[in-house]
Q: 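Shown below is the structure under consideration.
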Amino acid sequence: MSRLSEILERWEPVIGLEVHVQLSTRSKIFCGCSTAFGAPANSHTCPTCLGLPGALPVFNLRVAEMAAALGLALGCEVRERSVWARKNYFYADLPKGYQISQFAEPICEHGALRFFVDGDEGEEVRVAEASIVRIHMEEDAGKSVHDGGGGHSRVDLNRAGVPLLEVVSAPDLRSPEEAAGYLKALRSIVRYLGISDGNMQEGSLRCDANVSLRPRGERALGTRAEVKNLNSFRFVAKAITHEILRQAELLEEGGVVEQETRLYDSERDETRTMRSKEEAEDYRYFPDPDLPPLHLDAALLERARARLTELPVQRAERWVAEHGLSVEDARTLSNERGVAEYFEAAVQAFDGPGAVPAKWIVGEVLRELGERNASIEALGLAPDRLAELMALVEADTISSSAGKQVFAALLGNEKRPRELVAELGLEQVSDSGALEAVVAQVIRDFPDQAATYRGGKKGILAFLMGQVMKASGGKANPKLASEALRQKLEEE
Ligand code: ADP
Ligand code: MG
Ligand code: ZN
């Protein structure tokens with residue numbers, strides 16, 4: 001038994017995530033500067049996002065539209081009137097000395113997020129749910145660059161004022177796998193809604209994990225430590241695992257967990273104290289006098305609603321029920337909106353069970369996309385052409401291996417699968433006369449093997465079938481050919 005599973009027999013982990021989602025607006029939240037990633041340092045700045053005295057913020061309403069869209073998608077109450085607050089703290093990358101955020105009356109509260117959780121070895125993927133406490137809007141801070149040389153650090157304020165949503169979960173998660181699953185689902189949803197690219201490497205999705213332990217059976221929550229700025233699914237799971245081990249060791253030695261903020265060091269796979277946990281009072285939150293309360297009008301809410309679509313996990317669950325897909329395949333197909341819609345279009349176009357398009361898309365289409373690192377729109381295979389190909393294979397007009405050849409030949413052009421079958425000469429031979437002739441020839445060519453079969457060693461049939469397929473140039477309908485072969489062997 002691993003040390004972790006031994007610990008988990010006595011201790012229950014309790015995890016809550018605070019996720020920062022960078023919104024994909026073109027301009028910043030309180031000024032007109034560009035949000036584009038990777039520009040020369042400090043080139044996307046103006047008096048407002050530099051925090052110069054006297055410069056006033058002007059709210060970018062697109063941010064509220066995106067916040068409301070996420071709130072509605074997660075079943076939150078969306079406040080018609082919400083309030084901007086100043087969160088005061090000092091840091092080199094925060095020139096104003098405060099961050100404009102929301103505190104007492106955030107734009108969204110009380111929702112829920114459904115997500116997939118990887119099973120332990122041998123166990124199936126399952127679906128779980130966590131409550132969302134709140135979603136609020138805020139501005140990002142700048143970025144300190146510590147590799148400046150000469151012992152100096154530098155500050156890049158391009159990111160200062162980039163719009164963020166902070167999504168706060170209830171302490172409902174119970175394992176590193178659940179935390180990773182929650183974050184993956186949130187990433188998938190913000191991409192579905194078109195409000196963020198969810199790019200974790202570029203910091204568009206950043207996660208702080210709050211972790212505590214309590215003895216199994218205990219209801220009261222233990223003291224938590226918060227691990228900051230986790231920027232990959234793997235690091236989230238690893239940092240939480242590390243925190244569970246660290247806290248269990250402390251508690252079992254009779255120590256206490258300090259409420260503090262820790263940093264995860266991915267190179268050493270450990271967390272380190274950053275600072276003792278600040279309380280809300282430390283920030284001296286107060287309503288921002290430069291910004292009136294935000295009112296959402298009907299037109300804005302309408303635009304937010306227009307972004308909504310059935311969510312990935314809900315879609316996947318429906319497909320499992322409607323088409324009998326495995327949860328694993330349904331998860332794979334629902335992760336990206338483009339793929340999910342492609343699957344649904346293929347199901348529509350294909351006159352048969354949904355499991356067939358699922359198999360083709362998971363097996364062929366997604367493999368191809370992975371190899372090309374391309375989006376499904378760039379593949380050049382409209383779902384109706386895939387559906388026609390699937391129908392040809394299902395009707396045994398072509399074999400499944402010929403189907404894969406046609407699939408490859410379909411990409412990037414407008415030809416119909418039927419055309420390609422004719423062009424490539426892949427039509428299966430199902431004509432009984434033709435099949436019998438091939439079968440008879442194989443039996444003449446391999447008399448010893450035929451005798452072996454007739455002597456009772458039926459396993460040799462696979463060899464003879466192989467010869468039939470070879471003799472037919474791979475085009476014999478395998479089902480009919482093997483029937484013909486068996487019949488011929490038995491009647492002589
Ligand atoms: P703060 O804003 O000070 O960080 P909150 O109480 O709003 O604190 O909680 C922040 C996050 O910490 C939430 O995601 C919440 O679910 C989580 N959390 C709160 N208490 C615990 C606990 N005892 N163990 C684990 N997570 C917790
Ligand atoms: Mg916090
Ligand atoms: Zn600016």
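As the structure lists them, so they are numbered: ligands from 1, and atoms in each ligand from 1.
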Q: Identify, by atom number and element, the atoms of ligand 1 in contact range of Ala170, meaning under 4.0 Å from any of its heavy atoms.
A: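 Those atoms are 16 (O).
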
Q: Does the side chain of His136 pick up a donor-acceptor pair with the side chain of Glu138 at under 3.5 Å?
A: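 A donor-acceptor contact under 3.5 Å links the two side chains.
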
Q: Show me, pair by pair, the donor-acceptor contacts under 3.5 angstrom made by side chains of residues 343-360, not counting sequence neighbours?
A:
{"unit_1": "Glu344", "atom_1": "OE1", "unit_2": "Arg315", "atom_2": "NH1", "d": "3.3"}
{"unit_1": "Glu344", "atom_1": "OE2", "unit_2": "Arg318", "atom_2": "NH2", "d": "2.6"}
{"unit_1": "Glu344", "atom_1": "OE2", "unit_2": "Trp319", "atom_2": "NE1", "d": "2.7"}

Q: Who gets closest to atom 23 (N) of ligand 1 by heavy atom: Ser169, Ala130, Pro171, Gly222?
A: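 When every heavy atom of Ser169, Ala130, Pro171, Gly222 is considered, Gly222 comes closest to atom 23 (N) of ligand 1.
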
Q: Decide, yes or no, whether a salt bridge links Glu260 with Arg272 under the criterion of side-chain N to carboxylate O below 4.0 Å.
A: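 Looking at Glu260 and Arg272, the cut-off is not met.
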
Q: For Glu129, does the CD atom have more than 12 heavy-atom neighbours from other residues, nucleotides or ligands under 6.0 Å away?
A: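 Above 12, so yes.
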
Q: Which of the atoms of ligand 1 are close to Val168, meaning less than 4.0 Å from one of its heavy atoms?
A: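 So the atoms of ligand 1 that pass are 13 (C), 14 (O).
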
Q: Got a sec, which pairs hit salt bridge (charged side-chain N to carboxylate O under 4.0 Å, His left out) with one end in residues 91-112, sequence neighbours left out?
A: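 Output for this query lists Arg79-Glu109, Arg81-Glu105, Lys96-Glu139.
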
Q: Is it true that the side chains of Arg224 and Ser212 contain a donor and an acceptor less than 3.5 Å apart?
A: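 Absent: no donor and acceptor within the cut-off.
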
Q: So does Glu371 have more than 12 non-hydrogen atoms from other groups sitting under 6.0 Å from CD?
A: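 More than 12 heavy atoms, drawn from other residues, nucleotides or ligands, come within 6.0 Å of this atom.
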
Q: When you measure from atom 5 (P) of ligand 1 to each heavy atom in Glu243, Glu226, Glu166, Arg224, which option holds the nearest one?
A: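 That would be Arg224.
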
Q: State which residue, out of Tyr285, Tyr98, Phe59, fulfils the ring pair (Phe, Tyr, Trp, His ring centres under 6.0 Å) condition with Trp84.
A: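 In the set Tyr285, Tyr98, Phe59, the residue that makes a ring pair (Phe, Tyr, Trp, His ring centres under 6.0 Å) with Trp84 is Phe59.
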
Q: When you check the space around the Zn ion (ligand 3), which protein N, O or S atoms turn up under 2.8 Å?
A: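 Counting only protein N, O or S atoms under 2.8 Å from the Zn ion (ligand 3), the list reads Cys31 SG, Cys33 SG, Cys46 SG, Cys49 SG.
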
Q: Between Asn210 and ligand 1, which residue portion shows a heavy-atom distance shorter than 4.0 Å: side chain, backbone, both, or neither?
A: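 Answer for Asn210: both.
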
Q: Just heavy atoms, cut-off under 4.0 Å: does Leu17 contact ligand 1 by side chain, backbone, both, or neither?
A: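 Just the backbone.
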
Q: Thr261 side chain to Glu226 main-chain N or O, any donor-acceptor pair under 3.5 Å?
A: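 Checked: no pair found.
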
Q: With distance as the sole criterion, is a donor-acceptor pair present between the side chains of Asn210 and Glu18 under 3.5 Å?
A: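 A donor-acceptor contact under 3.5 Å links the two side chains.
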
Q: Using the ring pair (Phe, Tyr, Trp, His ring centres under 6.0 Å) criterion, which residues pair with Tyr264? Sequence neighbours excluded.
A: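 Partners of Tyr264 under the ring pair (Phe, Tyr, Trp, His ring centres under 6.0 Å) test: Phe235.
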
Q: So which of Gln259, Glu18, Arg214 gets nearest to atom 2 (O) of ligand 1, if we judge by its closest heavy atom?
A: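 Closest candidate by heavy-atom distance is Glu18.
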
Q: Taking only heavy atoms of Leu221 into account, list the atoms of ligand 1 that are under 4.0 Å away from them.
A: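 Here the atoms of ligand 1 in question are 23 (N).
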
Q: Regarding ligand 1, does Ser212 bring an N or O atom to under 3.5 Å of one of the ligand's N or O atoms?
A: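 Yes; the residue has a nitrogen or oxygen that sits under 3.5 Å from a nitrogen or oxygen of the ligand.
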
Q: What atoms in ligand 1 come closer than 4.0 Å to a heavy atom of Val14?
A: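 Heavy-atom distances to Val14 below 4.0 Å select 24 (N), 25 (C).
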
